[in-house]
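Throughout, a chain's letter reflects where its sequence line sits, starting with A, and its residues are numbered from 1.
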There are 2 protein chains.
Amino acid sequence: MAKPIIDTMTDEHMERTMAVMKGMAHPIRFRIVALLCERDHTVTEMSQALAVRQASISQHLSPLRLLGLVGVDRTGGNATYTLQEPMLRNLVNCFLSHYGR
Amino acid sequence: MAKPIIDTMTDEHMERTMAVMKGMAHPIRFRIVALLCERDHTVTEMSQALAVRQASISQHLSPLRLLGLVGVDRTGGNATYTLQEPMLRNLVNCFLSHYGR
DNA sequence: TATCCATATTGCGAGGTTACGATATGGCAA
DNA sequence: TTGCCATATCGTAACCTCGCAATATGGATA
């Protein structure tokens with residue numbers, strides 16, 4: 001029997017894959033990432049765009065930050081968030097092309 | 001300000017997206033799905049290919065079945081599992097093309 | 001029927017996730 | 001400093017997930 005393709009993925013890459021999956025496995029976090037695919041956002045902007053309480057947005061940004069999926073630029077009183085993990089664009093597009101529009 | 005792309009996704013599609021995410025957010029389930037991307041497998045085959053106890057494989061197949069991500073053909077004593085959700089191929093390929101090989 | 005093999009389920013206990021309200025931190029302007 | 005705005009964190013309770021061991025189910029064969 002042939003070796004499964006999945007065995008060509010290293011342990012580190014599997015861990016990264018799981019980080020991405022768990023990071024995106026919540027509707028609020030998925031939508032946050034989708035917003036950041038379009039452009040950088042502050043917390044307040046995301047809170048308004050998604051109609052979700054500020055504390056809740058902050059809470060969900062925390063794991064995304066910890067996992068290195070998003071980055072933050074704290075200049076002045078605002079915190080501007082950026083997409084850090086390039087593959088997230090492909091991931092979001094993957095779902096949008098199947099389910100979106 | 002322009003309406004975010006993510007708002008073009010219906011509630012049902014968002015739910016489906018979350019089902020896929022949560023279904024795949026575990027290394028054993030991710031690898032099960034990756035196996036099924038190549039060809040149908042019985043439980044024993046997956047157990048051997050992934051070096052994971054049979055009960056554990058069955059346990060993880062249960063939510064995948066419930067979410068409709070995989071299908072099962074119970075003929076004779078064996079249970080042959082099949083990929084049900086077409087977009088899973090693209091999803092797995094998305095990760096493999098970034099992290100695999 | 002008795003038995004074997006493959007598969008599924010159940011009953012824990014440990015640990016993680018979530019929402020919510022409240023509160024804390026920290027920059028900036030008056 | 002005082003006060004305001006933006007952001008982050010904390011505490012709690014409800015709930016979900018996981019691994020593990022044991023057991024149940026069910027087809028096939030003798």
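Contact record, B/Ala34 with B/Val92: CB-CG1, 4.4 Å, taken as the closest heavy-atom pair. Minimum interatomic distance between B/Arg89 and B/Leu36 (heavy atoms only, all atoms of both residues): NH1-O, 4.3 Å. Pairing each heavy atom of B/Ile28 with each of B/Leu50, the nearest pair is O-CD1, 4.3 Å.
Going from atom CD1 of B/Ile28 over to atom C1' of D/dG19 covers 9 Å, rounded to whole Å. Atom CE of A/Met21 and atom C1' of D/dC18 are 18 Å apart (whole Å). Spacing between atom CG of A/Leu61 and atom P of D/dA6 amounts to 16 Å, rounded to whole angstrom units. Going from atom CG of B/Asp73 over to atom C1' of D/dG27 covers 14 Å, rounded to whole Å. Distance CD (A/Gln54) to C1' (C/dA19): 14 Å, rounded to an integer number of Å. Atom C1' of nucleotide C/dA19 and atom CD1 of A/Ile57 are separated by 13 Å, given to the nearest angstrom. Whole-Å rounding puts the A/Phe30 CZ to C/dT18 P distance at 15 Å. Rounded to an integer number of Å, the gap from NE2 of A/His41 to P of D/dA6 is 16 Å.
Two residues, A/Arg29 and B/Asn78, neighbour DNA chain C, and the one matched to the more 5' nucleotide by heavy-atom proximity is B/Asn78. Along DNA chain C, the nucleotide nearest to A/Lys22 and the one nearest to B/Thr80 differ in position, and the one closer to the 5' end is contacted by B/Thr80.
Listed nucleotides C/dT7, D/dT7, D/dA22 differ in distance to B/Thr44; the shortest reach to its side chain belongs to C/dT7. Nearest to the side chain of A/Arg53, among C/dT7, C/dC20, C/dA19, sits C/dC20.
Classified by interplanar angle (parallel below 30°, tilted 30° to 60°, perpendicular above 60°), the ring pair A/Tyr99/B/His13 is parallel.
For D/dG19, the OP1/OP2 oxygens have a side-chain nitrogen or oxygen of B/His60 closer than 4.0 Å. For the pair A/Arg74 and D/dA6, the criterion of a side-chain N or O lying under 4.0 Å from OP1 or OP2 is not met. Put simply, B/Tyr81 has no side-chain N or O that comes within less than 4.0 Å of OP1 or OP2 on C/dA6.
For a distance-only test at 3.5 Å, the side chain of A/Gln59 fails to qualify as a donor-acceptor partner of the base of D/dA8.
Of the candidates B/His41, B/Arg65, B/Glu45, B/Tyr81 forms a side-chain hydrogen bond (donor to acceptor under 3.5 Å, both in side chains) with just one, namely B/Arg65.
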